[in-house]
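What follows is a single structure, written as structure tokens, with notes after it.
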Amino acid sequence: MGKATKKPRKPDARKASDPTGARPKKPAPPATPQTDALHKSTILPIIKSLGSASAADRAAALSRACTELLGDDTCRFLLLKERIVAKLMDDSVHDTSEDVVVLAWRALYIIAKEEGYDHCINMYRKDVLSKIKAVLEKLAVSIEPIALDPSKADANTARNIWSLTESVIGLLKCLSEESEQALDAISKIDILPILLGLLKPGISVPEEIRSIAIQCLSSLTEDNDPLTSKIIEEQSQYVPQLIQLKDDNSPMVQMCACAVLHNLSLAPTEFETDLTDALLLPNLTSYIKNTASYVVTSYDPSRASSDDVAGLRAAEIALEVVASIATSVGYELEDAVPPAANPEPEFIDENAPSDGEDEQMADDIEDLREDMDMTTVEDSSDLYSGADKILQYLLESTTPAVILLCKPSLPASLTKIQLRALAALNNIAWTLDAAITSRPRLSSKWHSHVKTIWNVVIAPVLTANTADIALADAVAGVAWAVAKASEGVLDLQGGVLHKSFISLYQAATTDELRTKCVGILGCLAMPQDRIDVNKDVGIFLMGLITASPLTPAPAVVEALNAIFDIYADVEYQYDRPVFVELQFLKHLEADLPGIRTMVKRIDRKRFPELRLRADEALMNLTRFIPYKKKEQAKLA
């Protein structure tokens, strides 16, 4: 199975498992008489009780903190201001009372889960892993007799051991998801035997423990070559168990086992098994389909049980894995065939001499491209055999199921699963867009999905003028892929939708969303029979270019590339009524100095990919202008 190309990891902050981006930092609650009263009446007594000479008082204080206070944003903020993390790590986890120790670890787990990066990295820097390692060594001895024969264990002792196990493994999961430093350090702990030991068949382990163990393993193996390679090197010990777990009775265990197996398939070490993503997709798709059917027909947020919540979380994981599989097969297709030499843009006159500046720029671009080339082409006599199976299944089975979970009509409580579904659909769409050029047999079915996605998912969100920027951003990603593949068949609802994307650009708060909007508009302006749409879009794009270097560079680059594509040929119906009559050529000539300034401002070391694309766009602009002049002169 081909390996997906992976980008270098950031030095610390790990990529968010949530495809919509990192969790926003929670604002501090405002100081009010109510919070002041809460601080005095509740928080300070809890902190005081943590130092009590009575173990019962210490345990009672921690119990209340875990069950009532740490789950509330205001109470948790006030407890953190009182340095509760330091008190827990310095004192409570070493307490002489077993109950206090168990509750202290529970409190640390809740804080890490609720607060994310800042407090996870704080715990890591305070050497929480050394304390966790000591606990794991004790648990390794304590768990086995209880799991093998629960009837012989003292009830309170068993309850404490399982609670401690869940808290410590949950904390490891949080740390590994938030920090690369922590992930690397955790990978050096001998964590695999205890995690997979909790998932062995024939032993009695509470379901919540099995669930957190497999979730932790899934997080640890994501983008972690040393650990995945270690598992594969010892695959006779671990891989058969993971394959068995993908058909477990627990949905969470099933989906996370699929996630782990997918992560193993991306490891640099060869994975000697017939299990590929093509065999994981049916499990993942079936669960997504069942979840979608339940959500659409029966789900009632007001009556959601703990099993419902766990089931939806398992569906989110299934969607994450599908998104990753779609991306991976896209990389596999790219790597399977040597890339063709970059063709000259069609508007370039090969006989025309280029000035020295253009030649130097071309050399610089080629040097930068070589520096950025991080992939090697695999030599295979059976190209695409596995990829074709995945593409076919994604197209025929997975996409319809995912679309159901992308509908904007879902209850507000399901926004998280909707965003993950949109992220999966985005990756599927871009991969299928790229695949159909060499696989025309997929084209008809994909274009049918394209119209459905546009009408059922994209148009309703745009026409509703949603204020939810996260949802708009996710929808825009899908819309770009869909518009690119549409071949002019999309319903713009009387010219409303392209104007909605212009409005979304103006409301966007990130360069990424602005660039998506520009890309979408460039695709919507291509159909020959929509001169009015082309005119609106052309004026908008030219406005972005003219405003350079004040316009964000990624948006300008995308706008230039759109102009090159849209007005590449004088024979296009809209070339004369829009490009010529609105004097776009004159404006482009006047804009050239501003574009040069913009490109020079992009730091080649910090933003190599953006600088590469900007250099190419500038070079193409310097050739596009004389090309269009010559083209218009012939028609004069």
Side-chain angles (χ1 to χ4, degrees), residues 7-8 10-11 339 341-350 352-374 480 502 505-506 508-522 525 537-568 579 582-630:
K7 296 180 181 179
K10 294 180 180 179
N342 293 323
E344 291 290 317
E346 61 183 86
F347 53 78
I348 291 178
D349 182 355
E350 295 180 355
S354 58
D355 59 28
E357 184 175 0
D358 279 353
E359 291 176 0
Q360 182 60 50
M361 187 184 300
D363 291 341
D364 290 344
I365 291 172
E366 185 58 34
D367 290 343
L368 186 54
R369 192 182 294 282
E370 290 176 2
D371 291 341
M372 293 175 61
D373 186 9
M374 302 294 288
W480 193 356
I502 292 174
Y505 176 95
Q506 293 163 345
T509 56
T510 66
D511 288 351
E512 183 179 7
L513 178 53
R514 295 184 187 100
T515 305
K516 289 177 183 177
C517 291
V518 173
I520 295 163
L521 289 164
V537 173
I539 291 171
F540 173 72
L541 296 177
M542 289 301 300
L544 298 181
I545 295 168
T546 298
S548 180
L550 300 179
T551 305
V556 174
V557 171
E558 194 60 45
L560 283 168
N561 289 333
I563 291 292
F564 300 153
D565 289 339
I566 296 168
Y567 303 107
F579 189 86
L582 296 182
Q583 300 184 7
F584 282 2
L585 183 57
K586 178 181 177 182
H587 290 294
L588 288 173
E589 282 191 281
D591 296 339
L592 193 52
I595 301 298
R596 292 190 192 278
T597 300
M598 177 206 73
V599 173
K600 290 177 181 178
R601 289 180 179 178
I602 300 173
D603 190 320
R604 193 186 298 272
K605 293 182 179 179
R606 293 179 59 202
F607 309 106
E609 185 177 353
L610 176 59
R611 179 57 186 266
L612 173 65
R613 291 190 292 111
D615 281 339
E616 288 180 330
L618 175 57
M619 182 172 65
N620 288 341
L621 178 60
T622 62
R623 296 177 176 181
F624 181 76
I625 291 171
Y627 164 80
K628 293 300 287 186
K629 281 183 176 180
K630 184 180 293 186

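Because the structure is predicted, anything quoted here is derived from the model rather than measured. FYI, side chains are in, hydrogens and waters are out, and symmetry mates aren't considered; it's all heavy atoms of this structure.
- For the atom pair CD1 of Ile502 and CG of Leu541, the computed distance is 8.0 Å after rounding to the nearest 0.5 Å.
- Pairs passing the ring pair (Phe, Tyr, Trp, His ring centres under 6.0 Å) check and including a residue from residues 538-560, sequence neighbours excluded, read Tyr505-Phe540.
- The cationic group of Lys628 does not satisfy the cation-pi geometry with Tyr567, failing either the under 6.0 Å distance to the six-membered ring centre or the 45° limit from the ring axis.
- No side-chain donor-acceptor contact under 3.5 Å links Ser548 to the backbone of Leu544.
- The CZ atom of Phe584 lies 9.0 Å from the OG1 atom of Thr546; values are rounded to the nearest 0.5 Å.
- Applying the side-chain contact (heavy atoms from CB on, under 4.5 Å) rule to Glu512 yields the partners Thr510, Lys516; only residues at least two apart in sequence or on another chain are considered.
- Contact check for Arg613 versus Leu610: side-chain heavy atoms found under the 4.5 Å cut-off.
- Between Leu621 and Asp591, the closest side-chain pair of non-hydrogen atoms is not below 4.5 Å.
- Contact between Arg596 and Leu618 at its shortest, heavy atoms only, is CG-CD1, 4.0 Å.
- Nearest heavy-atom pair across Ala555 and Val518 is O-CG1, 4.0 Å.
- Note that the OG1 atom of Thr551 and the CE atom of Met598 stand 9.5 Å from one another [nearest 0.5 Å].
- With hydrogens and angles ignored, the 3.5 Å screen pairs no side-chain donor or acceptor of Arg604 with any backbone N or O of Arg611.
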Practice task
Report the C-alpha distance between Met619 and Asp615 in whole Å, list the side-chain angles of each, state the deciding distance to 0.1 Å, and finish with yes or no for side chain to side chain contact (heavy atoms under 4.5 Å, CB included).
Solution key: CA-CA 6 Å; Met619 182 172 65; Asp615 281 339; over 6 Å; no

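- Tested against Ile595 for a side-chain contact (heavy atoms from CB on, under 4.5 Å), the candidates Thr622, Leu588, Val557, Leu560 yield a single pass: Leu560.
- Nearest heavy atom pair, residue Leu582 against residue His587, reads O-CD2, 3.8 Å.
- Minimum interatomic distance between Ala562 and Gly522 (heavy atoms only, all atoms of both residues): CB-CA, 4.0 Å.
- Taking the side chain as every heavy atom from C-beta outward, Asp511 and Arg514 approach each other to under 4.5 Å.
- Of all the heavy atoms in Phe564 and Asn620, the pair that sits closest is CE1-CB, 3.5 Å.
- Note that the CE atom of Met542 and the CZ atom of Phe579 stand 7.0 Å from one another [nearest 0.5 Å].
- Atoms CD1 and OG1, on Ile602 and Thr597 in that order, are 11.5 Å from each other to the nearest 0.5 Å.
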